[in-house]
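Within every chain, numbering begins at 1; the chains are lettered A, B, ... in the order of the sequence lines, protein sequences first and strands thereafter. Quick note: numbers below take in every heavy atom, side chains included, and nothing from hydrogens, waters or symmetry partners.
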Amino acid sequence: MNFPEYKNLDYAAVADEILQFWKENRVFEQSVEGREGKPSFTFFEGPPSANGTPGIHHVMARTIKDIFCRYQTLKGKQVKRKGGWDTHGLPIELQVEKELGITKEDIGTKISVEEYNQRCRETVMRFTDQWNDLTEKMGYWVDLENPYVTYHNEYIESIWHLLKKLHEKGLLYKGYTIQPYSPAAGTGLSSHELNMPGTYKEVKDVSIVAQFKVKLTGKSAYLFDAADSDDIYILAWTTTPWTLPSNAALTVGKNIDYQLIKTFNPYTHLPVNVVCARDRVAAYFPEKGKDADFGAYQAGDKIIPWSVVMDLKGEHLEGIEYEQLMPYVQPEIKAFRVIAGDFVTTEDGTGVVHTAPTFGADDFRVAQQNGIPAIMVQDETGKDVPLVDKRGRFVKEVTDFALEYVKEQYLNDEEKEAEREKQGRDKYLSVDERIGILLKTENKAFNVQKFDHPYPHCWRTDKPVLYYPLDSWFIRTTAKKAELVALNKTINWKPESTGTGRFGNWLENLVDWNLSRSRYWGTPLPIWRSEDGEEVCIGSIAELKAALEHAQKDNVLNDEQRAANESFLSKLGTEALDLHRPYVDEIYFVSASGKVMTRETDLIDVWFDSGAMPYAQWHYPFENKDIFQNSYPADFISEGVDQTRGWFFTLHAIAGMLFDSVAFKNVVSTGLVLDKDGEKMSKRKGNVINPFDALGKYGTDPIRWYMITNSNPWDNLRFNLEAGVTEVRNKFFGTLTNTYNFFALYANLDGYELNEFDRVPYEQLGEMDRWILSKLNSLVRDVDGYYADYEPTKAGRAIQDFVSDHLSNWYVRLSRRRFWKGELTDDKRAAFETLQECLLTMAQLMSPIAPFYSDWLYRNLTEGAREKAVAGNTPLRFTSVHLTDFHPVETSRIDLELEASMELAQRVSSLVHSIRKVNKIKVRQPLSRVLVPVLNEFTKQRLARVEELIKAEVNVKAVELLDDTSGVLNKKVKPNFKALGPKFGPKMKEVAALIQGMDTATIAALEKASALELNGFTVELSDVEILTEDLPGYLTAQEGGLTVALDVHISEELKYEGIAREFVNRIQNLRKDSGFEVADKIAISVSTSEELIRTALQANSEYICTETQALSLNLLDSLADAVSVEMDEVALDVKVEVVA
RNA sequence: GGGCUUGUAGCUCAGGUGGUUAGAGCGCUACACUGAUAAUGUAGAGGUCCGUGGUUCGAGUCCACGCAGGCCCA
């Protein structure tokens, strides 16, 4: 048997079998090695973290990656794909802490950093086995033998090299970020600590609406004009008045509506014009004062008149400059202007946010984006520090409040009493309160009142937390913003909106990359500093060694430091070397000026680890320089859309900053996998799908196919395992397997073998074969384009439409007879060859998506021809579809005319079936003719070409094409709105009515003249669509401009033939039920008294015998051992025997 | 609160540049076909194209404002 036949195919078993075959024959390795010397296609694997178990969404994500790597391999590229593991970071630390029952506080006390990191190292690769297992079972081809691992010394060394290069370019610097800070405890707080219960307490603070005086410039002149005044102010609200001396900008919302309001200051009673968000006016301006008499106002009146001078948008305020509110310290760079920010609301305050870059995270970010400096002073060592020191006191430059605590709670009772005396008051007044008083007297406060709100407190000291600038290391990404934006425009994003929108906006609003992490398990920052700020960045192990050796020579280090250095030196070049903490912390250098240098204790952001993988995976530049150069940048990467600001960004940033290049040319960002109700999968909800169970139950290929064809990769997938995968399995895989089985059954019966050198020439093929080959080549062209364009969903859908609609349901259904009738003639051989080519091409086209099944199909179809193919070095020599070359598109075989003809045949057939159905005339009953009106020569020729097919398909004796000359056609006309619209515009309805009212004569006139005057409108032939109406006297059906009329008169002869066909059907069923072989010859005996049937059978006995492979048909009066057979209300006695 | 994204039949999804009667598959109902049969055909039921305004002779499609879900960020 040339072609194995199957019943009840188990797709999971197919996957197992093919996986085994791949392993035994190193098919993956062959697919890479076999392309040696060919152009390379580079794929970067985003490393998963092996400290968690894989989920079904990983099957989705990795299927996408796999598809394009396999496709490019088919296209002749060499696709190396190195696997990798992400091994550093907080999730691992948290897991270790959970298992040990400790917190971060305990590190260094209950457990040493050394032990802690050892535990992390053990934990991190815990589920590697499960991951490797899934990788195999889901058919994902990636090199797991030599993966990169981010905690390895070589990997870290490459990262250090990159950091050194950034440092050399001045792009790595020490700055600060605004973080929660407890002056009382003298420590920063993590977001975790801030989220502890009881941290937020309701407190009463002084809130101030300050008046910022607008300067008269070109940008603000319109306000001065509108108010006809020099006193224009912007109102901004704060609940932390102590930050007002640090004010550097005012932030407004671009789209927020503001109003300029004329009124009097309630404290100084001076006339003022103030800007406030329209939605907040009611909060500060009582309705009673609206448009009151300004002239009558007396200082101290309860009701203060006010009126709206003008409305304006936030964007009209941008760029307006104002006078510094509390001018203690002036920045070197220009500040004090209005900027726009997306965090401004009108829920409280004035819709204008007082912005102090040193004391608010939003403030800091928006200031940086707008080039607004922070208000700082220099301390005694020359370092820039904010106006509040680390103990929570104003610096001396803030003269009015020098060295005072900014929060009352930081003073103890004695200090408070001392302050009270100094102030000379009965009661201590806080800094906030006195700032309020000061501003009131200076006409700088519009509203001062106590305000209740929740405020975070330090969990250790119970004192208020400040948002405060703390040291951090940064990569100066903002310096390269323009380059990064420009480079991004060269990247092909799928979908495009992720690149232009999500990623593009992120780049537009870029802030410097905060690299610092105060943790333990990660890549250490390779920077050493002396107390004087001398600093060195180490870029390799060799540099580290040189610096160590240099340090040992001097007499600067103490004995302990020297011993630590010695210990590290002894490990260099040995297995014991470890570039992690705590070992690198115990390295001491000596600076050029002879000072001790210690390492900055920070670790770097793990995202730098993964963003460095293009270089570090090859230990570049210390090894593999050539490999790196040949595989950079990547042609293709893919990860979840949630990685936009993660991996996608870090890859892009490092490449752009250090290599003036993109890191990847094409990127597919994938959506989430949700459950069937669109809910996120989570362990808590219990709707998580175990990937191993799913693959085992349904098989890898149906699952992959379902995931890809159901929705675009970038849309979220509602994963309906049961219904969805079952449908794919039955409809697509079932149909394809059936088609293969059909082929195998008859090919085996005829002993058909494919001879790659002796095929029936294309020129001799019939219409059906040429048609499916045309369709096939059109499909190959489309699918090739879809894969090349990273559109796997379109590719999969095109393939399955071809298989079910064209190949199975039309080509095979209509060609069945050719496969089982008679000897192995050229026509039959052509049928086998055509079908085999279609199936083979399917195997190849679908192989990127369904790698196991497609290989199974390919091997079934070609295994018998392998030996000859290997000897002759023909295309089928490959043992796996994944080693083959992509089917070239044979454009000369794409015959669009033929495709159009066939489509007409399908439509006509469908209409005839529909008429038969409505009138309850079985398809087995032959009819004399079908009439098809055709209004143009094209359609006529196209239909003529497929006349025979239509006749056979709908069982009629003739297809008659009726054109104008027949004189029986009634025409009607429909307006073509698309053509009429631009011509007549508003008159359209009128014209359309005229057209619909045209009578037959007018239509004829229009056809003749090709243009006509209708009530003054010139209507051309192309402005209308001419259709035919029903033919009187026939049963008709219409669809999309096509009309079909069926002659349902059944002559005696047709009646007999119909009966004969019914009879043939019954005999075939009998053969089947009796278990006869397909090739068995039979003898038929019939007994019936029904004259009609007797006549019908006699008249068609030859036909009956041919169809049923009967050698004889005997009509008897009575019959023993007969079976009773129902034929349309009549019963016959029938006996069927095998005779040969 | 901001950015991006999705919303079309019970379910999953198609619907270049606006064109008047919005489609497919699954599911449901009925009938048929079949020497491929867990398949297929025909017919039927099933729609506020998320909502409200606007532009237009004409809007599922374009614009504005909302609503709901999702992701990321604050």
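Ring geometry for A:Tyr11 versus A:Tyr853: interplanar angle of 30 to 60°, hence tilted. Under the 30°/60° scheme for interplanar angles, the aromatic rings of A:Phe743 and A:Tyr740 are found to be tilted.
With both pairing distances under 3.5 Å, B:C71 is matched to B:G3 as a Watson-Crick or G-U wobble pair. Pairing for B:U40 is with B:A32, a Watson-Crick or G-U wobble pair whose two hydrogen-bonding atom distances lie under 3.5 Å. The partner of B:C49 is absent, by the rule that a Watson-Crick or G-U pair needs both atom distances under 3.5 Å. Nucleotide B:G25 forms a pair with B:C11, judged by Watson-Crick or G-U wobble geometry with both contacts under 3.5 Å.
Take the nearest nucleotide of RNA chain B for A:Gln1109 and for A:Arg365: the residue whose nucleotide is more 5' is A:Gln1109. Each of A:Gly734 and A:Tyr746 was matched to the nucleotide of RNA chain B holding its nearest heavy atom; the match closer to the 5' end belongs to A:Tyr746.
Within the nucleic acid shown, A:Asn738 comes within 4.0 Å of at least one base atom, counting heavy atoms only. Among the heavy atoms of the strands lying under 4.0 Å from A:Arg816 is at least one base atom, whether or not backbone atoms are also near. The residue A:Val344 sits apart from the nucleic acid: no heavy atom pair falls under 4.0 Å. Contact annotation for A:Gln1068: base contact, defined as any heavy-atom pair under 4.0 Å involving a base atom. A:Ser910 comes within 4.0 angstrom of sugar-phosphate atoms only, judged by non-hydrogen atoms across all strands, and of no base. Using a 4.0 Å heavy-atom criterion, one finds that A:Asn720 contacts no nucleic acid atom at all. Nucleic acid contact class of A:Ser711 (heavy atoms, under 4.0 Å, all strands): sugar-phosphate only. When heavy atoms are screened at a 4.0 angstrom cut-off, A:Asn509 is found touching no nucleic acid atom at all. Heavy atoms of A:Asn712 sit under 4.0 angstrom from primed sugar atoms or phosphate atoms, though from no base atom.
Atom P of B:U21 sits at a distance of 28 Å from the matching atom of B:U6, rounded to the whole Å. Of the C1' atoms belonging to B:U8 and B:C50, the separation is 10 Å, rounded to the nearest Å. The separation of B:A30 from B:A64, taken at their C1' atoms, amounts to 49 Å, rounded to a whole angstrom. Between the C1' atoms of B:A32 and B:C67, the separation comes to 47 Å (whole Å). Taking atom P on both nucleotides, B:U29 is separated from B:C65 by 47 Å, rounded to a whole Å. To the nearest whole angstrom, the two P atoms, one in B:G66 and one in B:G23, are 34 Å apart. The same atom, P, is picked in B:G70 and in B:U12; the two are 15 Å apart, to the nearest Å. Look at the C1' atom in both B:A39 and B:G25: the space between them is 15 Å, to the nearest Å.
Looking at A:Ser808, its side chain comes within 3.5 Å of the base of B:A36 through a donor and an acceptor atom. At a cut-off of 3.5 angstrom, counting only N and O atoms as typed in the model, there is a donor on one side and an acceptor on the other between the side-chain of A:Arg502 and the base of B:C71.
Taking 4.0 angstrom as the limit, A:Lys254 places none of its side-chain polar atoms (N or O) nearer than this to OP1 or OP2 of B:G2. OP1 or OP2 of B:U5 lies within a sub-4.0 Å distance of a side-chain N or O belonging to A:Ser497. Residue A:Asn710 places none of its side-chain N or O atoms closer than 4.0 Å to OP1 or OP2 of B:G25. Taking 4.0 angstrom as the limit, A:Asn809 places a side-chain polar atom (N or O) nearer than this to OP1 or OP2 of B:G41.
A:Asp605 and A:Trp513 share a side-chain donor-acceptor pair at under 3.5 Å. A donor and an acceptor atom, one from each side chain of A:Asn860 and A:Tyr6, are located under 3.5 Å apart. Under 3.5 Å, the side chains of A:Asn748 and A:Glu5 contain a donor-acceptor pair of N or O atoms. Between the side chains of A:Trp705 and A:Asn710, no donor-acceptor pair of N or O atoms lies under 3.5 Å. A side-chain donor from one of A:Thr251 and A:Thr355 sits under 3.5 Å from a side-chain acceptor of the other.
Aromatic rings from A:Phe648 and A:Phe503 are positioned such that their centres are separated by 6.0 Å or more.
For A:Gln925 and B:C31, the CD to P distance is 21 Å, given to the nearest whole Å. A straight line from CD of A:Glu639 to P of B:C71 spans 18 Å, rounded to a whole angstrom. Taking atom CG of residue A:Asp805 and atom P of nucleotide B:A14, one finds them 17 Å apart after rounding to whole Å. Between the C1' atom of B:C72 and the CG atom of A:Leu507 lies a distance of 14 Å, rounded to the nearest Å. Protein atom CZ of A:Arg797 is 13 Å distant from nucleotide atom P of B:U12, rounded to whole Å. If you take CZ of A:Phe732 and P of B:U12, they are 22 Å apart, rounded to a whole angstrom. Between A:Arg813 atom CZ and B:U42 atom C1' there is a gap of 12 Å when expressed in whole angstrom units. Summarising the geometry, the separation between CD1 on A:Ile915 and P on B:C31 is reported as 22 Å, rounded to the nearest angstrom.
Distances from the side chain of A:Asp715 to the nucleotides B:U42, B:A14, B:U40 place B:A14 closest. Checking B:G70, B:A36, B:G41 against every side-chain atom of A:Thr739, the shortest atom distance belongs to B:A36. The side chain of A:Arg645 lies closest to B:C72, out of B:C72, B:A36, B:C71. Checked against B:A38, B:G70, B:A36, the side chain of A:Arg729 finds its nearest nucleotide in B:A38.
Here the side chains of A:Leu949 and A:Leu814 are in contact, with some heavy-atom distance below 4.5 Å.
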